[in-house]
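See structure below.
We use all heavy atoms of the structure for the numbers below, so side chains are in, but hydrogens, waters and symmetry mates are not. Keep in mind it's a predicted model, so treat the numbers as computed, not measured. Order of the sequence lines sets the chain letters (A, B, ...), proteins ahead of strands, with each chain counted from 1.
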Amino acid sequence: NAGVTQTPKFQVLKTGQSMTLQCAQDMNHNSMYWYRQDPGMGLRLIYYSASEGTTDKGEVPNGYNVSRLNKREFSLRLESAAPSQTSVYFCASSPGLAGVGEQFFGPGTRLTVL
Amino acid sequence: GENVEQHPSTLSVQEGDSAVIKCTYSDSASNYFPWYKQELGKRPQLIIDIRSNVGEKKDQRIAVTLNKTAKHFSLHITETQPEDSAVYFCAASGGSNYKLTFGKGTLLTVNP
């Protein structure tokens, strides 16, 4: 099993450009999450999906959109990137209820917005 | 929403010593408290968790204690080794919105 995979690993954007971060899991998990990690700020939840077809906002959703394409895939889109979105983005999944139980993280995407 | 405070932000110990990291939370309805370890450049990984019906849980050199009345929980690492050096995050969930809220992390350095 590959677990949770993310693409790309690194990305550099100019202010105003758009991009989609891809995430997939092969563990048949119900819940999936997108976090951003900034120095000294811990992990902050952007969006999560408790099941296929549902999404909900986390702590810092502004400037992002998500799509739960199917049970395996959960994508994060930046419509108009800003320097404040420079961060490391982690996707995660868990088998049960959103927020309860072990979350399995992907390797991360390091995004720089110039 | 839930607010999780974590202390200290950095901790340096000698190999073989014990390390303690403390967290407090604000939502009295929270009932799940995991701890994640993140090595430099790697993804976070769960090392231990505790639910609110348990006061203490141990796994070899790692233990977590929970005081629901005071709304705080702690990670204890005994006989520290250089490979314990990492950033440790506490988190809480199970409250009104079921979202996992993380503390800001503790950078633990174990000196040989």
Are the side chains of B/K99 and B/S93 in contact, using a 4.5 Å heavy-atom criterion?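 In short, these two side chains do not touch, never coming nearer than 4.5 Å.
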Check: A/T20 and A/S67 side chains under 4.5 Å, non-hydrogen atoms: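 Answer no - side chains too far apart.
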Atom NZ of B/K37: over 12 foreign heavy atoms under 6.0 Å: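 Buried by this count: over 12 neighbours within 6.0 Å.
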Positions in residues 5-23 of chain B that reach chain A, provided some heavy atom is under 4.5 Å away: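 At a heavy-atom separation under 4.5 Å, chain A is reached by no residue of residues 5-23 of chain B.
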Among A/P107, A/A92, A/G58, A/G108, which residue has the highest count of heavy-atom pairs closer than 4.5 Å to chain B?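 Maximum pair count with chain B is reached by A/P107.
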Is the B/F89 ring parallel, tilted or perpendicular to the B/F102 ring (thresholds 30°, 60°)?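 Ring orientation of B/F89 relative to B/F102: perpendicular.
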Side chain, backbone, both or neither: which part of A/F104 has an atom under 4.5 Å from a heavy atom of chain B?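 Neither part, no heavy atoms under 4.5 Å.
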Chain B heavy atoms under 4.5 Å from A/L43: which part of the residue, side chain, backbone, both or neither?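 Both backbone and side chain of A/L43 come within 4.5 Å of chain B.
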Sequence neighbours excluded, which residues qualify as salt bridge (Lys or Arg N to Asp or Glu O under 4.0 Å) partners of B/K57?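 For B/K57, the residues satisfying salt bridge (Lys or Arg N to Asp or Glu O under 4.0 Å) (neighbours in sequence not counted) are B/D49.
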Under 3.5 Å, which donor-acceptor pairs link side chains of residues 78-91 of chain A to any protein atom two or more places apart or in another chain?
unit_1 : atom_1 : unit_2 : atom_2 : d
A/E79  : OE1    : A/R77  : NE     : 3.4
A/E79  : OE2    : A/R77  : NE     : 3.1
A/Q85  : OE1    : A/A82  : N      : 3.0
A/Q85  : NE2    : A/G63  : O      : 3.2
A/T86  : OG1    : A/P83  : O      : 3.1
A/T86  : OG1    : A/V113 : N      : 2.9
A/T86  : OG1    : A/V113 : O      : 3.4
A/S87  : OG     : A/Q37  : N      : 3.4
A/S87  : OG     : A/Q37  : O      : 3.0
A/S87  : OG     : A/D38  : OD1    : 2.8
A/Y89  : OH     : A/Y64  : OH     : 2.7
A/Y89  : OH     : A/Q85  : O      : 2.6

Ring pair (Phe, Tyr, Trp, His ring centres under 6.0 Å) with A/Y47: which residues, sequence neighbours excluded?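 Listed in chain order: nothing, the list is empty.
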Of the listed residues (B/G105, B/G41, B/G103, B/P44), which shares the most heavy-atom pairs with chain A below a 4.5 Å separation?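 With the most close heavy-atom pairs to chain A, the winner is B/P44.
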Side chain of A/S49, backbone of A/T54: donor and acceptor closer than 3.5 Å?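 Side chain of A/S49 to backbone of A/T54, a donor-acceptor pair under 3.5 Å: yes, one is there.
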